[in-house]
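Have a look at this one before I ask anything.
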Amino acid sequence: MREVYADNNATTRVAPEVKEAMLPFFEDLYGNPSSMHHFGEHVEKHLIYAREQVASLLNADPGEIVFTSCGTESDNAAIHGTLASYPEKRHIVTTKVEHNAVLHYCRHLQKNGYRVTELSVDRSGRLNLEELQSSLSDDTVMVSIMYANNETGVVFPIEQIGQMVKSRGIVFHTDAVQAGGKITLDVSTLPVDLLSLSGHKFHAPKGVGVLYLRKGTRFSPLLIGGHQEQGRRAGTENVPYIVGIGKACNLAQSYMEEEQIRIRALRDRLEKELLNRIPKARVNGDRENRLPNTLNISFESVEGESILLLLSKEGIGASSGSACTSGSLEPSHVLRAMGVPFNAIHGSVRFSLSRYNTEEDISYIIEKLPPIIDRLREMSPFWSATS
Ligand code: PLP
């Protein structure tokens, strides 16, 4: 049976070049980069190089790159690090559609005396910038707004938002975990103070992330201990994984331009064919401002989970929401915030593509999905083709 992996917003396969680059660090290159002897010095050189590779992808200074254990840690550290630096301010602004790494952290802070504004989105998942503007006050310490949404792929106007936030002297963090390695992120022009990335979303392994911290930004570390990462994140560096994320950044930078075009064309073909072949289907999210690899599509009167199971039996991996919310039948908080009708939320499927998807993969999904939807609708008491 053919295997098609179309769940790349959940995680990606490790690129063979990344694995290759990492292997020596499980063998001969095992020294601690902080050690004074040559075992450590050898390894430290590779740590410096990986930092340069990450900085190059973001057009940042290597000194602005802090390695972390994942996207969640980068998000938590960004928020914690800012709040702890401005203890006199108690208001945070974020959105209703953030990943739980930001949303649940903010709700946790709310229980501890912070005031949190969660901005709403419209039917297409777009923010209302006037609402953002009027939410800002002298008590606002930071704004944390994601670059691109993991469920719908909707890309927020981070440049415009950053200008608005920075003009009020407020700290701005963006969770760019889904944008990293997929679209250009240039911090030399992007008005952000902090930005999060996660390696496993762009062909590095799970368990390594990056926090970009603009020079001069006030920051108080989440992990306190050793002097690693210039005192911004204690703990002996996870050298093999850091080398891996460095290489993944380097590959993303080399391939980005051609991949964006190729992957967008694959996604657009999938979208067009599914809309043509399946009645009562709708795309969720702003189709103009979207990651090139993501399609979130709803099929009325069918359960997303049933679709996923039948797709999986055909060898196709997709998702019915973000990886962290699937596993529960809770409807997606993102689609709910967008006001997607209940019937359509439950029948939503997310396809997310990567460098390793091909035209044949798309043809295979197009062949397999329509009969699955027909079958499920025949069994559904709620289905009526004419209603
Ligand atoms: N932020 C976004 C937008 C995500 O999509 C994810 C993971 O799905 C995270 C943060 C968390 O990243 P990690 O899995 O590396 O902790």
Side-chain angles (χ1 to χ4, degrees), residues 5-14 18 54 66-80 94-108 118-119 121 125 127 143-156 158 161 173-183 185 192 194-212 222-223 233 238 241-242 244-245 248-249 252 284-285 289-296 317-328 330 332-335 337-338 350-354:
Y5 185 70
D7 198 12
N8 288 280
N9 286 8
T11 197
T12 58
R13 70 172 272 194
V14 174
V18 168
V54 176
V66 180
F67 290 113
T68 67
S69 68
C70 59
T72 301
E73 186 192 325
S74 299
D75 286 342
N76 279 211
I79 299 170
H80 166 90
T94 186
T95 79
K96 286 188 192 322
V97 297
E98 294 300 305
H99 187 273
N100 286 339
V102 168
L103 202 55
H104 285 183
Y105 195 73
C106 287
R107 287 179 188 168
H108 161 77
E118 292 178 14
L119 301 172
V121 293
L127 281 174
V143 173
S144 177
I145 293 183
M146 68 199 324
Y147 205 106
N149 189 272
N150 43 303
E151 295 193 31
T152 59
V154 170
V155 174
F156 285 145
I158 291 300
I161 293 171
H173 164 245
T174 187
D175 171 351
V177 164
Q178 289 295 342
K182 294 177 187 155
I183 54 178
L185 297 173
V192 300
L194 305 106
L195 177 150
S196 308
L197 295 180
S198 174
H200 73 105
K201 307 295 185 182
F202 60 103
H203 307 297
K206 293 152 197 63
V208 61
V210 164
L211 177 62
Y212 161 79
L222 186 61
L223 295 194
R233 198 272 187 186
N238 185 356
Y241 283 59
I242 289 173
I245 199 173
C249 285
N284 298 311
N289 299 298
R290 205 171 24 150
L291 291 173
N293 78 321
T294 307
L295 169 62
N296 189 311
S319 168
S320 64
S322 82
C324 314
T325 54
S326 61
S328 85
E330 268 287 290
S332 142
H333 72 278
V334 175
L335 299 185
M338 288 162 62
R350 179 189 69 186
F351 294 99
S352 46
L353 309 178
S354 84

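Indexing begins at 1, ligand by ligand and atom by atom, following the structure's order.
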>> C106: which residues meet the side chain to side chain contact (heavy atoms under 4.5 Å, CB included) condition with it, sequence neighbours left out?
In response: I79, I92, T94, V102, V116
>> Looking at ligand 1, would K206 count as a contact under a 4.0 Å heavy-atom criterion?
In response: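 The answer is no: ligand 1 sits nowhere under 4.0 Å from a heavy atom of K206.
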> Strictly by modelled atom types, are N9 and K182 linked by a side-chain donor-acceptor pair under 3.5 Å?
Replying inline: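 Yes.
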>> I need the contact type for H200 against ligand 1. Using non-hydrogen atoms and a strict under-4.0 Å cut-off, is it side chain, backbone, both or neither?
In response: side chain
> Numbering the atoms of ligand 1 from 1, which are under 4.0 Å from a heavy atom of D175?
Replying inline: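 Near D175, meaning under 4.0 Å from one of its heavy atoms, ligand 1 has 1 (N), 2 (C), 3 (C), 10 (C).
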>> Residue-level breakdown please: for D75 versus ligand 1, do any non-hydrogen atoms fall below 4.0 Å on the side chain, on the backbone, on both, or on neither?
In response: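 Contact part for D75 vs ligand 1: side chain (C-beta onward).
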> Cut-off 3.5 Å, side chains only: do S352 and T294 have a donor facing an acceptor?
Replying inline: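 Short answer, no.
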> Between the side chain of K206 and the main-chain N/O of T11, is any donor-acceptor distance below 3.5 Å?
Replying inline: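 Here the side-chain-to-backbone pair does not exist.
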>> Checking side chain to side chain donor-acceptor pair (under 3.5 Å) between D75 and each of S144, S196, S198, which is the one that passes?
In response: S196
> Which bit of E98 is near ligand 1, meaning a heavy atom under 4.0 Å away: side chain, backbone, both or neither?
Replying inline: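 E98 to ligand 1: no contact under 4.0 Å from either part.
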>> If you define the side chain from C-beta out and look only at heavy atoms, does anything of V155 sit under 4.5 Å from R290?
In response: no
> Any side-chain heavy atom of N149 within less than 4.5 Å of one from L291?
Replying inline: no
> Considering only heavy atoms, does C70 approach ligand 1 within less than 4.0 Å through its side chain, its backbone, both, or neither?
Replying inline: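 It is both parts that get close, each with some atom under 4.0 Å.
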> Relative to the heavy atoms of N150, which atoms of ligand 1 are at a distance of less than 4.0 Å?
Replying inline: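 Atoms satisfying the 4.0 Å criterion: 3 (C), 5 (O).
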>> I'd like to check which ligand 1 atoms, numbered from 1 as shown, lie under 4.0 Å from a non-hydrogen atom of S198.
In response: 13 (P), 15 (O)
> Relative to the heavy atoms of K201, which atoms of ligand 1 are at a distance of less than 4.0 Å?
Replying inline: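 Those atoms are 6 (C), 7 (C), 8 (O).
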> If you take all heavy atoms of T174 and Y147, which pair is closest and at what distance?
Replying inline: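 Reported closest heavy-atom pair: OG1-N, 3.1 Å.
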> Counting from 1, what ligand 1 atoms have a heavy atom of M146 closer than 4.0 Å?
Replying inline: 3 (C)
> Taking the minimum heavy-atom distance to atom 12 (O) of ligand 1, which of G199, S196, G71, S69 ranks first?
Replying inline: G71
> Side chain or backbone of T72 under 4.0 Å from ligand 1, or both, or neither, by non-hydrogen atoms?
Replying inline: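 Both parts.
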